[in-house]
Amino acid sequence: MSSYFTDLAQQYIDGEWRPGTGSWDIIDFNPYDDEKLASITIATVDEVDEAYRAAARVQKQWAATNPYARRAVLEKALELVEEREDEITEAIIAELGGTRLKAAFELHLAKEFLRESVHLALRPEGRIIPSPVDGKENRVYRVPVGVVGVISPFNFPFLLSLKSVAPALALGNGVVLKPHQNTPIVGGALIAKIFEDAGLPGGLLNVVITDIAEIGDAFLEHPVPKVISFTGSDAVGRHVATVCARLFKRSVLELGGNSALVVLDDADVDYAVDAAVFSRYVHQGQVCMAANRVLVDRAVADEFTEKFVAKVKSLKAGDPRDPGTVIGPVINSQQADSLAGVVEQALAEGATALVRGTRTDNLVEPSVLTGLPADSALLRQEVFGPVVFLVPFDGEEEAVRLVNDTPYGLSGAVHTGDVERGVTFAKQIDTGMFHVNDGTVHDEPIVPFGGEKNSGSGRLNGEAMLDAFTTMKWISVQHGRSRFPF
């Protein structure tokens, strides 16, 4: 077991590693074998306050630091991630139940986003704008927002914490990070350690490991943070947005999805099968962009279904430490129970199980269901696990209607032999992202990432990071003399 779980099982506040002072502990378990990895005494409201106050105190000096010096800290953090890749991989496998394939996927993306954050430190530019007033000069500065609160999820905790933390720091902000309770080390303490070792000034980045049962809305309502970046469920995201709106805080919300992968009648069926299996079953389907639904034109439905089912049956489920494992455990027993309930409900509604995976503790094998009634609520909700619904359709018009028939709008994909046909199809889908002849699960450092409808608001990545973590300030200079009416 990685030493991270013994060395980093603490809060990181104002540059110090220390236990929380709450009355109970968060127990960090390996979801595959239930091994106890760490016990962390939770942070209280007072410690959340200390963390925010520390970030606010140090941020002013950090914002005034030469951006080339800030860039050097990000470069060192990237170097440390590369040096510690083996240790981080083992931590991802142990804490998340992620397979080696998944850990490699997450680390690759994390390094790409750190590389982009290195460049982001030098990205903010000011403008001089003409004025209708004689002698006046209008300067527009892009400045840090101040302090950013980051709440990260359990599924890609290393990547999705870094994805907000690194850009916010690069742009001159302080940060307080609250990782998910199931991934406190990989999603929180490990990131603090990397930046501490990279030379980030103490107090600028703080990690509080806690629970809303202890702190309520204190993390959101605290007067210091100007932006809350939240990645998680739409139910919690709606609450975050409501609290932020009431307090005039900016919220950046990356929420759930109910993506569809669509196979048109002229698709390369074998390739579409490969894309669909990856899009549904990567990290056990615990991905917001995962293809919950696979929609197939009836003209190719029989061929696709036969090949899809065969490939799903070939996926090895088991110990995520085994390099051959594709399907590891889901994050906890509640998630496993929920997935079992989804399958039972689908069958009760008349669906047919083409593949019905068994469950052993948190290890949930893949299921493939078809024949679900068109009005089933299951087709419109997010299913966070290795369960997929196959849905036949007749023609593009019906496919567009089915894809859009959900309150979510995050990602999706369409497969076709005609790229422009695919682009025309994609333009009709109410999502923030859509992919032609590829999978549904994609993230790249410089493209705008985010969703429509219940899948969130705001965008991350590239130029969108400037909108998320900086603000614009107008300073005018009157070189002559203004004329006043009285």
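Residue numbers count from 1 along this sequence.
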J.: Crowded around R481 CZ? As in, over 12 foreign heavy atoms under 6.0 Å?
T.: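 No, because the 6.0 Å sphere around CZ of R481 holds 12 heavy atoms or fewer from other groups.
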
J.: Can you list everything that forms a ring-ring contact (aromatic ring centres under 6.0 Å, His included) with F230? Sequence neighbours excluded, please.
T.: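 If we apply the ring-ring contact (aromatic ring centres under 6.0 Å, His included) test to F230, skipping adjacent residues, there are no hits.
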
J.: Hey, are the side chains of I327 and P366 touching, using non-hydrogen atoms and a 4.5 Å cut-off?
T.: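 Yes, at least one pair of side-chain atoms sits under 4.5 Å.
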
J.: Determine, step by step, whether N292 and R280 satisfy the side chain to side chain donor-acceptor pair (under 3.5 Å) criterion, reporting the C-alpha distance in whole Å, the side-chain angles of both residues, the deciding distance to 0.1 Å, and the verdict.
T.: CA-CA 6 Å; N292 285 3; R280 172 67 275 186; 2.8 Å; yes

J.: Evaluate D234 against Y408 for side chain to side chain donor-acceptor pair (under 3.5 Å), listing each step before the verdict.
T.: CA-CA 9 Å; D234 60 304; Y408 297 96; 2.9 Å; yes

J.: When you look at D197 and R84, which way does the salt bridge (charged side-chain N to carboxylate O under 4.0 Å, His left out) test go after all the steps?
T.: CA-CA 12 Å; D197 292 349; R84 300 171 185 178; 2.9 Å; yes

J.: Check this for me: does any side-chain nitrogen of one of D14 and R57 sit under 4.0 Å from a carboxylate oxygen of the other?
T.: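 Answer for the salt bridge query: yes.
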
J.: Would you sort out whether N362 and F29 count as a side chain to side chain contact (heavy atoms under 4.5 Å, CB included), showing the intermediate values?
T.: CA-CA 12 Å; N362 295 335; F29 288 106; over 6 Å; no

J.: Heavy atoms only: give me the nearest G257-S455 pair and the separation to one decimal.
T.: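 Looks like CA-OG, 3.9 Å.
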
J.: Does the side chain of Q381 come within less than 4.5 Å of P407's, by heavy atoms?
T.: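 No, too far: nothing below the 4.5 Å cut-off.
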
J.: Check A290 against S259 and note the closest heavy-atom contact, atom names and distance.
T.: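 That would be O-CB, 3.4 Å.
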
J.: Quickly, which of N30, I27, I185 forms a side-chain contact (heavy atoms from CB on, under 4.5 Å) with L37? Name it, please.
T.: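 When N30, I27, I185 are each tested with L37, the side-chain contact (heavy atoms from CB on, under 4.5 Å) holds only for N30.
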
J.: Identify the two heavy atoms, one from P153 and one from L160, that lie closest to each other, and give their separation to 0.1 Å.
T.: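 Smallest interatomic distance, heavy atoms only, reads CG-CD1, 3.5 Å.
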
J.: Looking at every non-hydrogen atom in both residues, tell me the closest pair between A198 and L80 and how far apart they are.
T.: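 Scanning both residues, the minimum pair turns out to be N-CD1, 3.7 Å.
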
J.: Passes side chain to side chain donor-acceptor pair (under 3.5 Å), S131 versus E137? Steps please.
T.: CA-CA 7 Å; S131 172; E137 177 185 38; over 6 Å; no

J.: How close do V330 and P31 get, counting heavy atoms only, and between which atoms?
T.: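 That closest heavy-atom pairing would be O-CB, 3.5 Å.
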
J.: Would you sort out whether R142 and T470 count as a side chain to side chain donor-acceptor pair (under 3.5 Å), showing the intermediate values?
T.: CA-CA 6 Å; R142 193 174 272 280; T470 68; 2.8 Å; yes

J.: Checking E452 now: which residues fulfil side-chain contact (heavy atoms from CB on, under 4.5 Å) with it, not counting sequence neighbours?
T.: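 So E452 forms a side-chain contact (heavy atoms from CB on, under 4.5 Å) with R459.
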
J.: Could you tell me which residues satisfy salt bridge (charged side-chain N to carboxylate O under 4.0 Å, His left out) with D337, sequence neighbours excluded, listed by chain and number?
T.: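 Result, salt bridge (charged side-chain N to carboxylate O under 4.0 Å, His left out) vs D337: R359.
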
J.: Under the ring-ring contact (aromatic ring centres under 6.0 Å, His included) test, which residues partner F219, sequence neighbours left out?
T.: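 Expected list: Y52.
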
J.: In chain order, what residues pass the side-chain contact (heavy atoms from CB on, under 4.5 Å) check against D49, with sequence neighbours excluded?
T.: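 Partners of D49 under the side-chain contact (heavy atoms from CB on, under 4.5 Å) test: R53, H222.
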
J.: Does any non-hydrogen side-chain atom of L101 lie less than 4.5 Å from one of H283?
T.: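 No, every pair of side-chain atoms sits at 4.5 Å or beyond.
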
J.: Apply the test salt bridge (charged side-chain N to carboxylate O under 4.0 Å, His left out) to residues D322 and K316: give CA-CA distance (whole Å), side-chain angles for both, the deciding distance (0.1 Å), then the verdict.
T.: CA-CA 10 Å; D322 182 341; K316 180 178 179 180; 2.5 Å; yes

J.: Please name all residues satisfying side-chain contact (heavy atoms from CB on, under 4.5 Å) with A291, sequence neighbours left out, ordered by chain then number.
T.: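 Per chain and number, A291 pairs via side-chain contact (heavy atoms from CB on, under 4.5 Å) with L261, S279, T440.
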
J.: Give the intermediate values and the outcome of side chain to side chain contact (heavy atoms under 4.5 Å, CB included) for residues L466 and R123.
T.: CA-CA 8 Å; L466 296 173; R123 196 73 58 80; 3.8 Å; yes

J.: With a 4.5 Å limit on heavy-atom distance, are the side chains of L96 and Q286 in contact?
T.: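 In short, these two side chains do not touch, never coming nearer than 4.5 Å.
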
J.: Looking at I212, I want to see if its CD1 is surrounded by more than 12 non-hydrogen atoms of other residues, nucleotides or ligands under 6.0 Å.
T.: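 No, not enclosed.
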
J.: Between R127 and E125, does at least one N-O distance fall below 4.0 Å, as a salt bridge requires?
T.: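 No, R127 and E125 are not salt-bridged.
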
J.: Is the number of heavy atoms from other residues, nucleotides or ligands within 6.0 Å of CD (E82) greater than 12?
T.: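 It does: E82 CD has more than 12 such atoms within range.
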
J.: Residues in side-chain hydrogen bond (donor to acceptor under 3.5 Å, both in side chains) with S229, at least two apart?
T.: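 With neighbours one apart ignored, the set is S164.
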
J.: Just jot down the salt bridge (charged side-chain N to carboxylate O under 4.0 Å, His left out) partners of D430, sequence neighbours excluded, or say none.
T.: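 Partners of D430 by the salt bridge (charged side-chain N to carboxylate O under 4.0 Å, His left out) criterion come out as none, since no residue qualifies.
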
J.: With sequence neighbours left out, what residues match E83 under salt bridge (charged side-chain N to carboxylate O under 4.0 Å, His left out)?
T.: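 For E83 there are no salt bridge (charged side-chain N to carboxylate O under 4.0 Å, His left out) partners, ignoring immediate neighbours.
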
J.: Scan side-chain atoms only and decide if N155 and H180 contain a donor-acceptor pair under the 3.5 Å cut-off.
T.: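 There is no such pair (donor and acceptor under 3.5 Å, judged by atom type) between the side chains of N155 and H180.
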
J.: Compare every heavy atom of F113 with every heavy atom of N461, then report the nearest pair and how far apart it is.
T.: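 The answer is OD1-CE2, 3.2 Å.
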
J.: Looking at side-chain heavy atoms only, is the closest gap between Y141 and M472 below 4.5 Å?
T.: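 No. Closest side-chain heavy atoms not under 4.5 Å.
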
J.: Can you tell me if D7 has over 12 outside heavy atoms packed within less than 6.0 Å of its CG?
T.: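 Yes, enclosed.
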
J.: Could E221 and K249 be called an ion pair, given the rule that one side-chain N must be under 4.0 Å from one carboxylate O?
T.: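 Here E221 does not pair with K249 in a salt bridge, since their nearest N and O are not under 4.0 Å apart.
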
J.: Side chains of V165 and L205: closer than 4.5 Å at any heavy-atom pair?
T.: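 They are in contact (side-chain heavy atoms under 4.5 Å apart), so the answer is yes.
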
J.: Going by distance alone, is a donor N or O of one side chain under 3.5 Å from an acceptor N or O of the other, for E214 and T210?
T.: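 On atom types as modelled, these side chains do not qualify, holding no pair under 3.5 Å.
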
J.: Give a yes-or-no answer on whether the side chains of S39 and D25 include a donor-acceptor pair shorter than 3.5 Å.
T.: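 Indeed, the side chains of S39 and D25 share at least one donor-acceptor pair under 3.5 Å.
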
J.: I'd like to check the salt bridge (charged side-chain N to carboxylate O under 4.0 Å, His left out) partners of E106; sequence neighbours left out, ordered by chain and number.
T.: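 Here the qualifying residues are K102.
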
J.: Do E47 and T21 have side-chain N/O donor and acceptor atoms under 3.5 Å apart?
T.: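 A pair is found: one side chain offers a donor N or O, the other an acceptor, under 3.5 Å apart.
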
J.: Do K163 and E112 sit within salt-bridge range, that is, some charged N less than 4.0 Å from a carboxylate O?
T.: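 Salt bridge between K163 and E112, a charged N being under 4.0 Å from a carboxylate O: no.
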
J.: Do the non-hydrogen side-chain atoms of I446 and E116 ever get within less than 4.5 Å of each other?
T.: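 Answer yes - side chains close enough.
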
J.: Salt bridge check: are K111 and E79 linked by an N-O gap of less than 4.0 Å?
T.: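 Result for this pair is no, no salt bridge flagged.
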
J.: Applying ring-ring contact (aromatic ring centres under 6.0 Å, His included), name anything that partners Y12, two or more places apart in sequence or on another chain.
T.: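 In terms of ring-ring contact (aromatic ring centres under 6.0 Å, His included), with neighbours along the sequence ignored, Y12 is linked to W17.
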
J.: Excluding sequence neighbours, so at least two apart, what forms side-chain contact (heavy atoms from CB on, under 4.5 Å) with D211?
T.: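 With neighbours one apart ignored, the set is W24, Q181, A213.
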
J.: Side chains of L177 and N206, heavy atoms from C-beta outward: is any pair under 4.5 Å?
T.: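 Side-chain contact under 4.5 Å: no.
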
J.: Any side-chain donor-acceptor pair under 3.5 Å between N332 and N182?
T.: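 Result is yes, a qualifying pair exists.
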
